[in-house]
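Worksheet: one structure, shown below.
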Amino acid sequence: MIAHLDLKRINKPYEAEISEALRRVAASGWYVLGKEVATFESNWAAYCGTSQCVGTANGLDALALIFKAFDFKPDSEVIVPANTYIASVLSVTNSGLTPIWVEPDLQTYNLDPRQIEQKITSRTKAILVVHLYGKCCEMQPIWELAKKYNLKVVEDAAQAHGATYQNRKAGNLSDAAAFSFYPTKNLGALGDAGAVTTNDATLAAHIASLRNYGSKVKYYNDHAGVNSRLDELQAAVLNVKMPYLEAENQRRRQLAARYLSEIKNPDLTLPNAQTRQDDAWHLFVVRHPKRESFIDFLMENNVQATVHYPVPPHKQPAYAAYNHLTFDITEQIHNQVVSLPLNPALTDAEVSRIINATNGFWA
């Protein structure tokens with residue numbers, strides 16, 4: 001069976017370096033907000049092209065801390081993509097803000113800029129963009145709308161490590177961006193980890209305080225903050241793996257290019273390839289009108305496919321107040337998407353088997 005993602009294989013090349021990094025932290029006697037976190041924050045900011053980075057415990061906290069730091073009035077509105085993982089929306093509602101759902105572009109699966117302006121009201125304070133599956137949103141028209149209506153732009157870049165738009169990396173396309181380094185991400189830790197990137201030093205300082213109980217000086221609290229600090233051990237792991245991210249992303253692009261050119265199944269809708277050299281290819285997501293049968297066929301041929309994500313946020317029990325809403329494009333996507341295996345640990349032979357199996361299914 002070719003696993004959709006085998007984390008043991010992903011991390012195997014770095015095993016010795018990771019072990020040494022963990023040993024170094026254990027021997028240091030300093031386990032919270034130490035040198036490893038400071039080094040990672042500096043390096044990740046440089047990689048993204050921003051002046052600031054603040055490590056957090058996870059990606060959801062990174063997003064939520066951005067909204068908390070903006071200090072919008074309760075019930076202020078935030079434009080959110082209807083097609084996303086629920087964490088994106090949770091960061092809004094958990095901050096006491098109101099999500100205003102906007103349909104995606106069916107070609108990119110990302111927020112459709114053409115549908116945003118009609119949803120903007122006097123209560124709108126921000127646009128949350130999600131670079132889904134590793135493809136950056138079409139940011140130019142979003143920047144223009146934000147300027148026109150004096151709105152903040154926030155990136156959920158959890159799946160877009162190293163993706164670019166107009167030669168700028170994800171994380172440097174907004175007022176502030178949130179990253180997750182969950183183990184499955186392109187740059188993955190060995191547990192939960194996250195970060196905020198921004199070019200606003202004042203905002204970064206505020207978020208750094210909020211993540212640490214609202215404190216800048218121990219035992220003195222300027223804000224009602226939270227405990228959401230990037231762990232020294234996870235930062236050490238990320239410091240080991242970060243230098244390899246570009247090479248791993250390039251391998252992902254090579255594999256995606258093979259899929260795009262060699263998958264010939266007429267019932268499959270392949271990802272939009274226009275920006276394929278800019279994309280981080282966190283996931284390779286296709287659509288099939290008979291998804292369950294397609295997945296079953298792949299499994300019978302020893303290929304593990306999965307679904308990201310079967311139920312859109314507005315149809316989740318957690319958001320019962322929005323269950324009555326209908327977003328046709330979003331619901332079509334969630335009913336049809338299938339993620340094929342795509343990661344740097346795959347061999348060329350395994351990719352050939354995946355392509356053959358994919359081409360072998362006829363509905």
Side-chain angles (χ1 to χ4, degrees), residues 5-18 20-21 36-53 55 59 62 130-137 139 155-174 177-190 193-199 230 234-260 271-285 341-348 350-351:
L5 182 62
D6 185 338
L7 292 177
K8 289 174 66 175
R9 284 179 63 180
I10 288 287
N11 289 311
K12 184 67 176 178
Y14 320 119
E15 192 174 80
E17 289 182 79
I18 289 172
E20 171 56 25
E36 296 291 345
V37 169
T39 297
F40 175 74
E41 289 174 336
S42 176
N43 290 344
W44 190 246
Y47 177 81
C48 294
T50 61
S51 62
Q52 310 291 320
C53 174
V130 181
H131 304 313
L132 201 62
Y133 311 146
K135 179 187 291 290
C136 285
C137 290
M139 296 301 298
E155 294 169 80
D156 180 341
Q159 300 185 359
H161 307 166
T164 60
Y165 177 82
Q166 294 185 1
N167 297 315
R168 291 164 60 183
K169 280 192 169 66
N172 189 24
L173 302 171
S174 61
F179 287 91
S180 166
F181 303 105
Y182 186 74
T184 60
K185 306 302 185 186
N186 289 34
L187 178 60
L190 298 187
V196 174
T197 55
T198 181
N199 289 303
L230 175 60
Q234 300 302 341
V237 172
L238 295 172
N239 285 330
V240 167
K241 296 178 67 177
M242 193 191 310
Y244 303 101
L245 176 60
E246 280 298 299
E248 290 197 346
N249 278 353
Q250 192 54 38
R251 174 63 174 165
R252 289 174 181 270
R253 293 182 184 110
Q254 291 169 357
L255 300 187
R258 281 199 63 189
Y259 284 160
L260 290 166
N272 186 293
Q274 282 187 318
T275 60
R276 67 184 184 186
Q277 287 304 312
D278 296 322
D279 300 348
W281 293 105
H282 173 60
L283 297 171
F284 191 92
V285 178
L342 190 153
N343 63 78
L346 290 173
T347 67
D348 290 341
E350 286 173 327
V351 173

Qualifying residue, where the test is side-chain contact (heavy atoms from CB on, under 4.5 Å) with Lys12 and the options are Arg9, Lys8, Glu15 =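 Only one option passes, and that is Glu15.
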In chain order, what residues pass the ring-ring contact (aromatic ring centres under 6.0 Å, His included) check against Tyr165, with sequence neighbours excluded?
->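 ring-ring contact (aromatic ring centres under 6.0 Å, His included) check on Tyr165 returns Trp143.
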List in chain and number order the residues that pass ring-ring contact (aromatic ring centres under 6.0 Å, His included) with Phe284, two or more places apart in sequence or in another chain; answer none if no residue qualifies.
-> Tyr259, Trp281
Flag the pair [X] / [Y] as yes when at least one side-chain heavy-atom distance between them is below 4.5 Å, and no otherwise.
X: Val130; Y: Cys137; answer: no
X: Tyr244; Y: Pro344; answer: no
X: Lys241; Y: Asn11; answer: yes

Return a table of donor-acceptor pairs under 3.5 angstrom between the side chains of residues 181-190 and protein atoms on other chains or two or more places apart.
unit_1, atom_1, unit_2, atom_2, d
Asn186, OD1, His282, ND1, 2.9
Asn186, ND2, Asn249, OD1, 2.9
Asn186, ND2, Ala280, O, 3.0

Okay, side chain of [X], backbone of [Y]: is any donor-acceptor separation there less than 3.5 Å?
X: Thr197; Y: Thr50; result: no
X: His161; Y: Ala170; result: no
X: Glu17; Y: Tyr14; result: no

Crowded around Glu20 CD? As in, over 12 foreign heavy atoms under 6.0 Å?
-> yes
Sequence-distant partners of [X], salt bridge (Lys or Arg N to Asp or Glu O under 4.0 Å), two or more places apart:
X: Glu41; answer: Arg211
X: Arg168; answer: none
X: Glu246; answer: none
X: Arg251; answer: Asp348

Once side-chain hydrogen bond (donor to acceptor under 3.5 Å, both in side chains) is applied, do any residues pair with [X], and if so which ones, sequence neighbours excluded?
X: Asn343; value: none
X: Asn43; value: none
X: Glu36; value: Arg24, Asn239
X: His131; value: Glu155

Which residues share a side-chain contact (heavy atoms from CB on, under 4.5 Å) with Thr275, sequence neighbours left out |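 Once residues adjacent in sequence are excluded, the partners of Thr275 under the side-chain contact (heavy atoms from CB on, under 4.5 Å) criterion are Lys135, Asp278, Asp279.
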Which heavy atom in Gly49 sits nearest to a heavy atom in Asn172, and how many Å separate them?
->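 Gly49 and Asn172 have their closest heavy atoms at O-ND2, 3.2 Å.
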The reported gap from CG in Leu346 to CG in Leu255 (rounded to nearest 0.5 angstrom) is 6.0 Å
Find the distance between CD (Gln52) and OG (Ser42) and round it off to the nearest 0.5 Å.
->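 These two atoms lie 10.0 Å from each other.
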